[in-house]
Structures are given as structure tokens and as C-alpha cells.
Asker: 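Here you go, one structure.
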2 protein chains.
Amino acid sequence: MAIPHESSALIATGFPSSTRGTSGCDLSSGQSNVIQGVYPAKPVVRDDIGPEPVSIMGNEGVATVEGFEEDGNVEQKLKVGDRVVMGVPQLGTWQSHANLPFTSLIPLPESCPLSLRQAATLAINPPTALRMLSDFVPLNPEDPNALTKQGGKKQPSIAELKSHLESLGADHVLTYDEFLSRENNTRSKIKEWIGKDGEMRLALNCVGGKETAEMCKLLSLDGKLVTYGGMAKTALALPPSLFIFRKLTSTGFWLSNWVQTHPEERQTMMQSLAALVSSGKLKEPETEVVELEGTDEEVTRQLSEVMKKMEEGRGKKTLLHWKDE
Amino acid sequence: MAIPHESSALIATGFPSSTRGTSGCDLSSGQSNVIQGVYPAKPVVRDDIGPEPVSIMGNEGVATVEGFEEDGNVEQKLKVGDRVVMGVPQLGTWQSHANLPFTSLIPLPESCPLSLRQAATLAINPPTALRMLSDFVPLNPEDPNALTKQGGKKQPSIAELKSHLESLGADHVLTYDEFLSRENNTRSKIKEWIGKDGEMRLALNCVGGKETAEMCKLLSLDGKLVTYGGMAKTALALPPSLFIFRKLTSTGFWLSNWVQTHPEERQTMMQSLAALVSSGKLKEPETEVVELEGTDEEVTRQLSEVMKKMEEGRGKKTLLHWKDE
């Protein structure tokens with residue numbers, strides 16, 4: 001796969017003619033699934049860039065608008081110098097410059113200054129988290145009544161991970177060993193945490209596997225399980241009795257589906273998320289920036305190393321940064 | 001466990017003093033789970049009947065009202081000679097006579113004459129089926145767009161079972177071997193059945209296991225899986241991708257839960273179901289009647305035989321009939 005770091009320009013009226021400095025582009029497991037062809041969003045193959053057909057990867061990112069051709073619409077939404085994040089999946093952010101339909105970009109409010117790291121990670125994870133905590137059951141944010149299952153196979157240290165989750169706002173973090181251990185008396189502990197009349201109504205799952213059922217058994221009658229990932233790569237195993245007698249509802253969340261049905265709401269949500277991150281109330285994930293420079297071959301080599309590290313489950317979320325030439 | 005075939009009378013004002021001839025009492029797998037103590041409805045232990053504490057089993061049944069003590073309420077709902085079905089779970093229908101709160105009984109309309117078999121099987125399965133076909137997605141009854149998974153481990157002949165399901169109204173019946181076979185080209189067949197623009201939106205499941213996922217993969221985006229039983233005694237194995245990308249919702253149905261939240265609607269529903277069965281539009285399940293007579297010991301022996309047969313998965317749904325003394 002060729003990864004061009006500068007696209008040839010495809011100028012179209014009403015589109016920004018170039019967005020400069022895609023300063024943070026994600027390398028996520030979703031992205032790796034796109035490359036493998038196992039993600040519902042298939043790579044777009046382009047033959048307008050070079051002698052061979054290529055697909056430009058990259059779903060997240062932040063860019064600066066360098067210019068556009070006025071058409072009576074674009075100039076009402078963008079101005080040169082605006083910072084934008086991606087409003088459409090798989091726009092191909094692994095490139096230094098791109099011509100993109102202005103309708104696929106979300107300008108960030110100038111009143112909420114964000115670092116490049118904060119902006120580059122704003123468009124996917126924070127809205128996913130917000131929607132999952134808002135759309136399924138009415139939650140009181142003062143109560144620790146959302147049971148969040150976070151996972152990662154080769155995290156370097158469980159203690160580090162736990163403290164990281166706590167820094168992100170988790171009231172209580174249990175590993176699965178702790179969670180399933182009978183000695184640990186987890187059920188009584190959890191009852192203590194949620195209080196006498198407290199109810200666990202929402203469980204968020206990005207792992208899957210048979211342990212998911214243990215989590216669901218702690219939910220109150222009519223509880224909701226929302227799956228947004230499947231890092232264990234095995235099916236959720238849920239006993240019929242949970243559905244029949246405990247009125248469990250198991251559903252899923254994918255931001256791309258939500259965005260399609262809520263285009264307006266998405267714009268205002270992104271503004272509020274920018275304000276939350278800017279004020280420090282919402283913390284961006286820990287990231288590592290890889291600076292890209294040099295020839296196509298050199299950049300390809302740098303990216304291959306990053307991909308390898310990611311496949312092995314090592315390291316933080318990686319952002320690519322195209323050094324200014 | 002002692003199974004008395006005549007309870008001592010517990011007379012209470014406003015209750016029918018006796019309901020005579022519990023003519024059809026169910027023996028279902030649910031009932032067997034109650035006896036094993038693994039059903040959410042636990043057996044009620046009574047010490048007012050004989051020298052030893054007993055639990056009276058039986059969830060379904062039809063009875064005739066023999067009398068009651070007038071209290072200004074009961075006589076507005078019941079009259080002597082009325083046929084009634086059970087409106088509350090686990091009333092204990094394995095007895096010839098019982099004193100029951102009149103609020104727990106549903107009188108059958110005289111305008112819809114039902115056979116004893118029809119009446120005895122009216123209160124659980126037909127409302128469950130109706131609710132599952134009405135409450136989850138809007139279905140057009142002219143379209144074969146509900147994929148129903150019916151199971152039974154030791155059915156004597158698959159051909160018989162298929163023809164039975166067809167006689168109950170199934171447009172197409174597939175065994176799991178047929179369903180999963182690649183040679184059979186099931187997907188194209190099903191597409192043909194539902195038509196070019198047809199969508200499979202609802203799947204009903206009383207089996208469970210990993211095959212449930214294959215059924216769900218045929219559902220349209222936003223499809224619903226409703227589980228009302230788990231005859232395979234294994235968890236549903238559902239891949240995360242079905243929830244995340246295909247917007248699958250997996251939920252369950254239990255009539256007891258529904259009844260608690262819809263007491264009024266239940267009364268009118270039972271009247272319409274009686275009319276449907278009486279007119280022949282809805283067919284009762286195939287049943288086998290076991291006539292009970294003799295001493296407690298003799299009746300216990302007869303019941304043990306029936307239970308054994310049921311445990312082995314042989315025979316039809318069994319109704320108990322207390323012979324008039």
C-alpha cells in the first residue's frame with residue numbers, strides 16, 4: 001500500500017482548496033481494521049493521485065484551512081486559518097494536504113483554544129462517550145452508576161491502567177480477576193458503592209466474551225448493555241434468562257450510525273465538547289506524536305514501525321504529525 | 001413432594017369459595033423448572049393443607065366457579081358457572097378445587113365457546129405469541145417477515161415438526177442444518193421469500209446457543225431479537241459487530257413481566273384471543289389429556305410418570321384432568 005504524504009489537488013467549487021497540516025491523525029485499532037478490510041467502512045481506492053491506485057487511510061485528525069473557492073456557501077461556514085476536525089468517517093487524514101468537501105469538516109470554535117493533541121482526538125472518542133452516557137438511560141452524573149468495562153490486552157501494567165482510568169473520571173476500577181473473584185466479595189462491595197437504593201442501569205462494553213454476562217448480572221431489572229467494541233474478538237455470551245426474566249436490553253453504539261441520523265445535533269455537541277476539553281473538565285487520551293518527514297520511502301518506513309507497534313498492542317494512541325517543509 | 005389433589009378450603013370474603021374441576025393443568029418445561037427451583041417464580045410452601053408443608057404446582061388451567069361469598073366486588077366480575085383461566089402465575093392448578101382471590105382469575109366470555117383443551121392453554125402461549133408479534137416491530141401479517149426459531153431436542157420426527165409448524169401458520173420452516181448449509185443457498189432462498197424490498201426485522205428465539213447469531217445476521221439494520229426461552233441451555237453467542245454496526249437490539253419477553261405493567265390491556269387481550277381460538281383462526285397446541293383419579297398415592301404415581309416422560313422430552317403438552325368423584 002502506498003501512503004502518499006501529499007495529495008495532488010482536486011479542486012472543486014465550494015470546497016476548501018487545501019487544508020494545511022493535518023497535525024494529528026489517529027492510529028487506532030479501527031484504522032487497522034479498515035486496512036485489513038474487516039471494518040464496515042471500506043477504503044476508497046483513488047487513481048487520481050499517482051501512477052498506481054492508492055487508498056488514503058486516516059479517520060481522525062485536525063487541520064488548518066488554507067483556502068477555498070468562494071461559492072456563496074463555504075465562506076459562511078469556514079474562513080482561512082480555521083482549525084477543523086473531520087466530520088465524515090475515513091476522509092483520509094494520513095496526508096499533509098487535502099481537498100475536502102467543506103460539508104465534511106467541523107470548524108472548532110476560536111473561543112475554546114485546544115492543543116493539537118486535544119483537537120486531533122476530539123471527533124470520535126469524546127462524542128462516543130457522551131452519546132453512550134446520554135442516550136440509553138437517564139444517568140445522574142453524581143452517581144457512579146455506570147459500570148464501564150475498559151480493556152486492552154497488553155497494557156504494560158494493570159496498576160498504571162487503573163490509575164489512568166481513575167484520572168479519566170472512573171470512581172471504581174476492577175480488573176476482571178477482581179470482578180469475578182468470590183473471595184473479593186465484589187457484589188457486596190459494588191452494592192456499597194452504589195448505595196442502598198442505587199441501581200446499576202447501564203453497562204458499557206468494548207471487550208465482549210463470556211465475562212460480559214457477569215457484568216450484566218449486576219445490572220438492575222431493565223438494564224442496558226451497550227457494546228461499542230469487541231477487543232476480545234469473541235462473541236458476547238449472554239444467558240437467555242437475563243433477557244427473559246431480568247429484562248436486559250443489549251444494543252450497540254457506532255458514532256457513524258448516530259451521525260447519519262443526527263447531523264444538526266452533532267454540530268452543537270462538538271462545540272460543547274470543545275468547551276469541555278478546553279476548560280480541562282474533559283481530558284484527552286494519552287497520546288504519542290510521531291513526526292513524519294522525508295521521502296515517501298522514509299515516511300512509509302516510519303509508518304510501518306508505528307503500525308507494527310500498534311498491532312502488538314504496545315504504546316499509547318499515536319498521532320502523526322507532518323513536519324512543515 | 002406431596003401433590004394433594006384436593007386442597008383444604010381457605011375461605012376469605014370476596015374470594016370464590018371454590019373453583020371446581022381444574023380441567024386442564026399444564027405440564028410444561030417452565031413448570032419443571034419451578035419444581036427444580038431454577039425458575040424466578042419460586043414455589044409457595046403452604047402448611048395449611050396437611051400435616052406436612054407442601055407446594056402446589058401448576059401455572060395454567062381452566063376451572064369452573066362453584067361459588068363465592070358476595071362482598072360487593074366479586075359478583076360484578078364472576079358468577080357461579082363461569083369458566084375462568086388463571087390470571088396470576090403459579091396459582092397451583094394441580095388440584096381439583098381451590099380458593100383463589102377473584103382478582104387472580106380471568107373469566108372467559110360465554111359468547112366464545114372453547115373446548116377444555118382450548119381454554120386450558122389460552123393464558124400463556126397465545127398471549128406470549130401475540131405480544132411478541134405486536135410489541136417489538138410493526139409487522140405486516142401478510143408478509144413472512146418474522147423469522148421464528150422453534151426448537152425441541154427430541155422431537156420424534158423433523159418432518160412431523162415441520163408440518164406441525166406449517167399448520168400453525170409458518171410460511172417457511174427450516175431446520176438448523178438446512179439453515180446453516182451453504183449448499184442449500186439459504187440466503188438467496190430467504191431473499192426470494194421476503195421479496196426484493198422485504199426486510200427481516202424480527203427474530204424470535206426460544207433456543208439460544210451460537211446458532212442464534214446466524215439468525216441475527218439475516219436481520220435488517222436495526223433488527224430485533226426477542227428471546228422467550230432457552231431450550232439449548234446455553235448462552236446466546238452474539239458477535240459485537242452485530243450490535244455496533246448492524247444496530248441489533250437483543251431483548252427478551254416474559255409474560256409475567258408484561259402482565260404486571262399492563263393489567264387492563266391483558267383483560268381485553270384475553271377476550272380477543274378467546275374469540276380468535278373459538279372462531280378457529282388461532283389453533284391451540286396439540287395436547288394429551290391424562291385423567292387423574294384414585295388415592296393420593298395413585299395420583300402421585302400417575303403424575304410421576306407424566307413428569308418422567310416430559311423430562312425425556314417425549315410426548316405432547318400434557319393436560320391433567322381431575323375426574324369427577
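What you see is a predicted model; the values in this text were computed from it and never measured. Values below: every heavy atom of this structure, side chains too, minus hydrogens, waters and symmetry copies. Naming convention: chains lettered A, B, ... in sequence-line order (proteins, then strands); numbering from 1 in each chain.
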Asker: Select, from A:Thr227, A:Val226, A:Leu242, A:Leu238, the one with the greatest count of heavy-atom pairs under 4.5 Å involving chain B.
Answerer: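 Max contact count across the listed options: A:Leu238.
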
Asker: Counting only non-hydrogen atoms closer than 4.5 Å, does A:Ser241 touch chain B with its backbone (N, CA, C, O), its side chain (CB onward), both, or neither?
Answerer: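 Nothing of A:Ser241, per the 4.5 Å heavy-atom cut-off to chain B.
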
Asker: Output the distance between atom CD1 (B:Ile244) and atom OG (A:Ser256), rounded to the nearest 0.5 Å.
Answerer: 11.0 Å

Asker: Could you tell me which portion of A:Leu248 (side chain, backbone, both or neither) has an atom closer than 4.5 angstrom to a non-hydrogen atom of chain B?
Answerer: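 Only the backbone of A:Leu248 comes within 4.5 Å of chain B.
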
Asker: Name the option with the most non-hydrogen atom pairs under 4.5 Å to chain B; the candidates are A:Gly230, A:Pro240, A:Ser250, A:Ala235.
Answerer: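 Greatest number of close heavy-atom pairs with chain B: A:Ser250.
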
Asker: Assess whether atom NZ of B:Lys210 is packed by more than 12 heavy atoms of other residues, nucleotides or ligands within 6.0 Å.
Answerer: no

Asker: Working to the nearest 0.5 angstrom, can you tell me the gap between B:Phe243 CZ and A:Asn205 CG?
Answerer: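 B:Phe243 CZ to A:Asn205 CG: 9.5 Å, rounded to 0.5 Å.
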
Asker: Please report the interatomic distance CG(A:Asn257) to CG(B:Leu221), rounded to the nearest 0.5 Å.
Answerer: 6.0 Å

Asker: Rounded to the nearest 0.5 Å, what's the gap from CZ on B:Phe253 to NZ on A:Lys247? Could you check?
Answerer: 9.5 Å

